[in-house]
Each structure stands twice: as structure tokens, then as C-alpha cells.
Amino acid sequence: MWTFPTTARERAPLGRLLRSELSLIFRRPRTLVVLGLLGMIPVIIGIALTVIDGPGGPPDGGTGGGNGDALLTSAAGNALVLPVAALMVSLSLMLPLATAMAGADAVAGEQTHGTLRGWLLAPVARGRVLLVKAVGVAAFALVATLIMALTGVLTGLLLNGTDSLFTLSGTTLSLPEALGRVLLTTVWVAVQLWAVGAVALAISTTTEHPMIVLVSVLGGLVLFSVLSALDALSWLHPLLLNTSWTALVDVLRDPLPLDGLGEGVLRAACYAVIATSLATARILTRDG
């Protein structure tokens, strides 16, 4: 039940609450399994492309690689494209699924198992509960993205070496420049996942069933994908979270265009702010 005493006589330090939440998240066996599976995705993609396509050279300069399949083709023999391609492919399903799982566990899961009552021992105000849970979900999304980026970079370099850092425009980058592009990709994907996590957290505050959160988030992403494919609804596309996800390929162009990436960050921030506001309003006004 949502009963949080807010007496001022003793309040648990926020830092201790955050450490406790992060420890709980990253010690869960299912969390470790999910992170391990996500980390294997770039490795599997890299090995599969090497076996099937063999080493490749710089792609033709132009506008290719605008979708996941074309990007995967370009990733064969290209140490720079591999981590970006793995993140872009996973952004369509696996990463949002993992983030939605974290959001579902944050409130609905603990409510179901009764562990949320442990916060009463602190005591902790409702707003602080939401803050700690939101930070936990954001940390999980960031760690998941970093793991995929790291394994993607290592796999690409081991399979193709440092002489295969080609952009989709046909230019060659130095290793520090390529790592900077991968870092930009990681941060950008994490921001998109924070928006997904905020939506999952908002839904999580309205139910005690984690599966409802997962179904709602994934159902929404599927619906957004369908709507994005309909040209007749182009007026609606600017409102869809995943509209800018294909802009991720821009990190592989030279010079680096920032319009699509910046639009994606702004859209994700709007979703995160709105969802967090709804979650806050729900927690502060919920009875019992």
C-alpha cells in the first residue's frame, strides 16, 4: 500500500537510498542475465558478418546505410560501424524491452512482492521514492547501453583492426575520433531509453502487475512503428518517440550532421518530462 510517513525526525540520506536501490537492481540475477545477453549481441553480429561477408573496405560515399539492414551490411569489416549498428538494431526492441523491465520492477514489481514496504523503515517521502526509482531505471539503461557499446568496439577492433574505421561517407577516422563517435552514439541511445524508462515508470505507478507495464510499453512502440510507416499520417510523426531513431546513422557520416540527433534528444526529453510529471502526480495523489 502507498503509505509513506513523512515525519522530519529522521530521514534516510538520499545517497544511502540510491546506493541501496542500485545494489538491489544490479544484484538481481535477471538483471545480470539481461545485461549479459545484451553484451553478446554485438559479438554475435560481428562474428556472423565476418563469417558470411568476410572483411570489407570503406563503403561507397553517399547516403547508404539509412536503415538497420543496410547498416549491418556496412558493419562487415568495419570496426566503427559495428557498435553503432548493434545499438541501432537493439534500439528497435531489445533495449526498450530491457528498460521497460527495469521500470516495471521499480514500482509495480516491488508493490507485488511487498518489498516496497521496506521504504517505510526509512521513512521516505513519496517524492524521494520516485526520484530513487527513476535514477535506478536511468542507471540500468545507461549501463546496458555502455555494455553493448564496449563489446561492440572490442569485437570490431579484434575482428577488423584499427585500419577499418570508415564512415559511411567514405572517409577514414582515427581511433580517438571513432571512439568519440561511439561515445556520442551511446549517450544518444541512453537518452532515448531514459524516455522509455520514464514512460514505463509512470505506468508502473498505476498498477501492481509488471507484465502490464511491459505490454503497454512494447505495445506502444509497435504502434509507433506502424504509425511511422504510414505516409498519410506524416503530420503525426513529429509526436512519435521513435521518429528520430533512424537518425542514429548520422553519427557515421562525415561531416557529422546534428539536426536529426538534436531533434531526437529534444523529443526524448519531452517524453521524459511529461512521463515523470505524470508519475509524480500519481504517487503524490494516490490513496493508500
Side-chain angles (χ1 to χ4, degrees), residues 17-49 68 71-72 75 79 81-110 112-113 115 131-159 179 181-201 203-204 210-211 213-218 221 241-242 245 248 251 268 272:
L17 296 177
L18 290 174
R19 288 193 299 271
S20 175
E21 179 69 11
L22 294 177
S23 175
L24 175 63
I25 292 174
F26 291 105
R27 285 168 50 190
R28 287 178 180 143
R30 62 176 174 272
T31 299
L32 299 178
V33 169
V34 169
L35 292 176
L37 291 175
L38 290 174
M40 288 299 297
I41 291 177
V43 179
I44 295 173
I45 292 176
I47 294 176
L49 290 175
L71 197 59
L72 285 176
V81 176
L82 178 58
V84 178
L87 285 170
M88 185 171 179
V89 170
S90 300
L91 185 58
S92 63
L93 179 62
M94 292 301 296
L95 284 172
L97 174 62
T99 305
M101 179 196 72
D105 284 338
V107 178
E110 292 197 22
T112 298
H113 297 97
T115 54
L131 174 60
V132 170
K133 297 299 182 182
V135 171
V137 174
F140 172 84
L142 179 59
V143 169
T145 310
L146 285 172
I147 288 176
M148 287 197 65
L150 179 60
T151 57
V153 168
L154 293 178
T155 301
L157 292 177
L158 288 175
L159 293 177
L179 293 178
R181 297 289 184 101
V182 175
L183 178 60
L184 174 62
T185 302
T186 303
V187 173
W188 193 88
V189 171
V191 170
Q192 304 305 309
L193 294 179
W194 289 343
V196 174
V199 173
L201 193 62
I203 300 174
S204 187
M211 284 303 300
V213 181
L214 289 176
V215 171
S216 299
V217 173
L218 294 184
L221 290 176
L241 175 61
N242 61 346
W245 286 1
L248 183 59
V251 301

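- To the nearest 0.5 Å, atoms CG (L201) and OG1 (T99) are separated by 12.0 Å.
- For residues 145-159, no pair satisfies side-chain hydrogen bond (donor to acceptor under 3.5 Å, both in side chains), with sequence neighbours left out.
- Nearest heavy atom pair, residue T186 against residue A149, reads OG1-CB, 3.2 Å.
- Atoms CH2 and CG, on W194 and L142 in that order, are 5.5 Å from each other to the nearest 0.5 Å.
- Within the 4.5 Å cutoff, no side-chain heavy atoms of V135 are placed close to those of E21.
- Note that the CG atom of L159 and the CG atom of L49 stand 9.5 Å from one another [nearest 0.5 Å].
- A 4.5 Å side-chain heavy-atom check between L193 and L91 finds at least one atom pair inside the cut-off.
- A144 and L95 get closest at one heavy-atom pair: CB-CD2, 4.2 Å.
- Shown here for P42 and G152, the closest heavy-atom pair between the two residues is CB-CA, 3.5 Å.
- Note that CG of L38 and CG of L146 are 12.0 Å apart. Values are rounded to the nearest 0.5 Å.
- Judged purely by atom type and a 3.5 angstrom limit, T185 has no side-chain atom pairing as donor or acceptor with the backbone of V84.
- Taking every heavy atom of both residues into account, M148 and S90 meet most closely at CE-OG, 3.0 Å.
- Within the 4.5 Å cutoff, no side-chain heavy atoms of W188 are placed close to those of V251.
- Side-chain contact between L35 and F26 is present, with at least one heavy-atom pair separated by less than 4.5 Å.
- For S204 (side chain) and A200 (main-chain N/O), no donor-acceptor pair under 3.5 Å exists by modelled atom type.
- When every heavy atom of A139 is checked against every heavy atom of L22, the shortest pair comes out as CB-CD2, 3.6 Å.
- Nearest heavy-atom pair across W245 and L221 is CH2-CD2, 3.8 Å.
- Summarising the geometry, atom CG belonging to L248 is positioned 8.5 Å from atom CD belonging to Q192; distances are rounded to the nearest 0.5 Å.
- In this structure, the separation between CZ on R19 and CG on L17 is 9.0 Å, given to the nearest 0.5 Å.
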